[in-house]
Amino acid sequence: MATMSPLSRARSAEPPAPERSTGELLSQVTSDLQVLFRQEVELAKAEIKEEGTKAGKAAGMFGGAGFAGYMVLLFLSLAAVFALASVMDEGWAALIVAGLWAVAGAVLYQKGRAKMRTVSPKPERTVQTLKEDAEWARHPTT
(Lines give C-alpha, C1' and ligand atoms only; values in the text may rest on other atoms or scores of the structure.)
Protein backbone atom coordinates (compact mmCIF):
# COMPACT_ATOMS: atom_id res chain seq x y z
CA MET A 1 0.00 0.00 0.00
CA ALA A 2 1.32 3.41 -0.94
CA THR A 3 1.59 5.99 1.73
CA MET A 4 0.81 9.63 1.15
CA SER A 5 3.22 12.25 2.29
CA PRO A 6 1.90 14.97 4.60
CA LEU A 7 2.28 17.53 1.79
CA SER A 8 0.25 15.50 -0.70
CA ARG A 9 -2.45 14.90 1.95
CA ALA A 10 -2.64 18.64 2.59
CA ARG A 11 -2.96 19.33 -1.12
CA SER A 12 -5.71 16.78 -1.53
CA ALA A 13 -7.58 18.31 1.42
CA GLU A 14 -7.59 21.80 -0.16
CA PRO A 15 -10.57 22.49 -2.35
CA PRO A 16 -9.59 23.26 -5.95
CA ALA A 17 -9.36 26.99 -6.75
CA PRO A 18 -12.64 27.96 -8.37
CA GLU A 19 -12.39 29.32 -11.87
CA ARG A 20 -13.57 32.86 -12.30
CA SER A 21 -16.90 33.33 -13.98
CA THR A 22 -17.41 35.32 -17.14
CA GLY A 23 -19.17 38.05 -15.15
CA GLU A 24 -16.21 38.37 -12.80
CA LEU A 25 -13.81 38.55 -15.71
CA LEU A 26 -15.90 41.21 -17.46
CA SER A 27 -16.12 43.14 -14.21
CA GLN A 28 -12.33 43.06 -13.89
CA VAL A 29 -11.84 44.16 -17.51
CA THR A 30 -14.33 47.00 -17.03
CA SER A 31 -12.54 48.09 -13.88
CA ASP A 32 -9.17 48.00 -15.64
CA LEU A 33 -10.55 50.03 -18.55
CA GLN A 34 -11.93 52.63 -16.15
CA VAL A 35 -8.53 52.98 -14.49
CA LEU A 36 -6.85 53.22 -17.89
CA PHE A 37 -9.33 55.86 -19.07
CA ARG A 38 -8.79 57.92 -15.89
CA GLN A 39 -5.03 57.75 -16.39
CA GLU A 40 -5.38 58.88 -20.01
CA VAL A 41 -7.56 61.82 -18.94
CA GLU A 42 -4.98 62.82 -16.33
CA LEU A 43 -2.22 62.65 -18.95
CA ALA A 44 -4.29 64.80 -21.31
CA LYS A 45 -4.87 67.35 -18.54
CA ALA A 46 -1.15 67.51 -17.80
CA GLU A 47 -0.28 68.00 -21.47
CA ILE A 48 -2.92 70.67 -21.97
CA LYS A 49 -1.68 72.50 -18.88
CA GLU A 50 1.88 72.37 -20.23
CA GLU A 51 0.80 73.73 -23.62
CA GLY A 52 -1.32 76.38 -21.91
CA THR A 53 1.74 77.54 -20.01
CA LYS A 54 3.67 77.88 -23.27
CA ALA A 55 0.78 79.79 -24.84
CA GLY A 56 0.61 82.07 -21.80
CA LYS A 57 4.30 82.85 -22.08
CA ALA A 58 3.93 83.66 -25.77
CA ALA A 59 0.91 85.88 -25.02
CA GLY A 60 2.95 87.60 -22.32
CA MET A 61 5.63 88.28 -24.91
CA PHE A 62 3.01 89.83 -27.19
CA GLY A 63 1.80 92.01 -24.33
CA GLY A 64 5.32 92.96 -23.32
CA ALA A 65 6.20 93.78 -26.90
CA GLY A 66 3.12 95.95 -27.20
CA PHE A 67 3.79 97.85 -23.99
CA ALA A 68 7.50 98.26 -24.72
CA GLY A 69 6.66 99.40 -28.22
CA TYR A 70 4.23 101.95 -26.85
CA MET A 71 6.72 103.36 -24.35
CA VAL A 72 9.52 103.45 -26.88
CA LEU A 73 7.25 105.00 -29.43
CA LEU A 74 6.19 107.66 -27.00
CA PHE A 75 9.51 108.82 -25.58
CA LEU A 76 12.01 108.13 -28.34
CA SER A 77 9.63 109.40 -30.95
CA LEU A 78 9.38 112.71 -29.18
CA ALA A 79 13.15 112.93 -28.89
CA ALA A 80 13.69 111.98 -32.52
CA VAL A 81 11.01 114.35 -33.75
CA PHE A 82 12.61 117.23 -31.86
CA ALA A 83 16.05 116.27 -33.21
CA LEU A 84 14.84 116.05 -36.81
CA ALA A 85 12.75 119.19 -36.46
CA SER A 86 15.95 121.17 -36.23
CA VAL A 87 16.74 120.24 -39.88
CA MET A 88 13.28 119.83 -41.44
CA ASP A 89 9.62 120.56 -40.96
CA GLU A 90 8.14 119.05 -37.76
CA GLY A 91 5.44 117.14 -39.67
CA TRP A 92 7.94 115.30 -41.86
CA ALA A 93 10.15 114.58 -38.87
CA ALA A 94 7.21 113.00 -37.00
CA LEU A 95 6.26 110.91 -40.04
CA ILE A 96 9.80 109.54 -40.44
CA VAL A 97 10.00 108.59 -36.76
CA ALA A 98 6.59 106.89 -36.86
CA GLY A 99 7.72 104.80 -39.84
CA LEU A 100 10.81 103.62 -37.98
CA TRP A 101 8.77 102.47 -35.00
CA ALA A 102 6.30 100.70 -37.27
CA VAL A 103 9.19 98.57 -38.53
CA ALA A 104 10.25 97.81 -34.96
CA GLY A 105 6.70 96.79 -34.06
CA ALA A 106 6.52 94.47 -37.06
CA VAL A 107 9.74 92.74 -36.01
CA LEU A 108 8.40 92.19 -32.45
CA TYR A 109 5.13 90.86 -33.84
CA GLN A 110 6.96 88.35 -36.05
CA LYS A 111 9.00 87.08 -33.09
CA GLY A 112 5.87 86.59 -30.99
CA ARG A 113 4.11 84.86 -33.86
CA ALA A 114 7.03 82.47 -34.34
CA LYS A 115 6.94 81.62 -30.62
CA MET A 116 3.19 81.01 -30.76
CA ARG A 117 3.65 78.53 -33.61
CA THR A 118 5.63 76.24 -31.29
CA VAL A 119 2.51 75.71 -29.16
CA SER A 120 0.75 72.43 -29.93
CA PRO A 121 -2.96 72.34 -29.01
CA LYS A 122 -3.09 68.54 -29.39
CA PRO A 123 -1.85 66.42 -26.45
CA GLU A 124 0.67 64.36 -28.45
CA ARG A 125 1.64 61.82 -25.77
CA THR A 126 -1.99 61.12 -24.89
CA VAL A 127 -2.88 60.51 -28.53
CA GLN A 128 0.09 58.15 -28.86
CA THR A 129 -0.80 56.15 -25.76
CA LEU A 130 -4.45 55.95 -26.83
CA LYS A 131 -3.31 54.51 -30.16
CA GLU A 132 -1.14 51.99 -28.33
CA ASP A 133 -4.04 51.07 -26.03
CA ALA A 134 -6.36 50.59 -29.00
CA GLU A 135 -3.78 48.40 -30.72
CA TRP A 136 -3.36 46.33 -27.57
CA ALA A 137 -7.15 45.95 -27.23
CA ARG A 138 -7.32 44.61 -30.80
CA HIS A 139 -4.40 42.20 -30.27
CA PRO A 140 -3.87 41.66 -26.52
CA THR A 141 -1.50 38.70 -26.91
CA THR A 142 1.09 40.46 -29.09
Side-chain angles (χ1 to χ4, degrees), residues 2-85 87-142:
T3 61
M4 294 179 81
S5 73
L7 182 58
S8 61
R9 271 185 263 151
R11 283 189 186 151
S12 65
E14 291 178 4
E19 291 189 27
R20 296 173 73 182
S21 70
T22 305
E24 289 173 332
L25 292 173
L26 285 176
S27 175
Q28 181 65 40
V29 168
T30 302
S31 175
D32 290 346
L33 286 175
Q34 287 174 346
V35 169
L36 179 62
F37 181 73
R38 285 186 192 115
Q39 289 173 342
E40 295 297 340
V41 168
E42 288 302 316
L43 178 60
K45 285 180 185 178
E47 283 190 81
I48 290 170
K49 182 178 179 182
E50 183 180 320
E51 291 301 315
T53 301
K54 285 170 53 178
K57 287 179 182 178
M61 287 182 187
F62 280 135
F67 182 73
Y70 173 76
M71 296 305 290
V72 167
L73 185 64
L74 179 66
F75 294 111
L76 289 180
S77 293
L78 287 173
V81 167
F82 289 138
L84 287 174
V87 264
M88 65 177 65
D89 185 44
E90 290 88 9
W92 286 109
L95 189 60
I96 289 171
V97 170
L100 291 174
W101 293 123
V103 170
V107 168
L108 289 172
Y109 171 79
Q110 287 298 329
K111 286 187 177 237
R113 185 175 172 201
K115 184 72 171 176
M116 186 60 90
R117 286 184 176 172
T118 65
V119 175
S120 173
K122 184 172 73 171
E124 297 291 338
R125 290 179 293 193
T126 302
V127 170
Q128 181 62 32
T129 58
L130 285 174
K131 286 179 184 178
E132 290 170 2
D133 293 344
E135 182 63 30
W136 177 84
R138 283 193 287 272
H139 309 290
T141 57
T142 57

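Along the sequence shown, residues are numbered consecutively beginning with 1.
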List the atom pairs, with distances to 0.1 Å, where a side-chain N or O of residues 56-79 and a protein N or O form a donor-acceptor pair under 3.5 Å, not counting sequence neighbours.
unit_1	atom_1	unit_2	atom_2	d
S77	OG	L73	O	2.4
S77	OG	W101	NE1	3.0

Could you pull out all donor-acceptor pairs under 3.5 Å where a side-chain atom in residues 29-40 meets a protein atom, sequence neighbours excluded?
unit_1	atom_1	unit_2	atom_2	d
T30	OG1	L26	O	2.8
D32	OD1	Q28	NE2	3.0
E40	OE1	T129	OG1	2.7
E40	OE2	T129	OG1	3.4

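With sequence neighbours excluded, no residue satisfies side chain to side chain donor-acceptor pair (under 3.5 Å) with E42. Residues satisfying the side chain to side chain donor-acceptor pair (under 3.5 Å) test with E51, not counting sequence neighbours, are none. Partners of E90 under the side chain to side chain contact (heavy atoms under 4.5 Å, CB included) rule, at least two apart in sequence or in another chain, are A85.
Annotation: side-chain hydrogen bond (donor to acceptor under 3.5 Å, both in side chains) contacts involving residues 108-118, sequence neighbours excluded, are absent.
The shortest heavy-atom contact between L43 and T126 is CG-OG1, 3.3 Å. Between A80 and V97 the shortest heavy-atom distance is CB-CG2, 3.3 Å.
The distance from the CG atom of L100 to the CG atom of L95 is 10.0 Å, given to the nearest 0.5 Å.
Counting heavy atoms from C-beta on, the side chains of M116 and V119 come closer than 4.5 Å.
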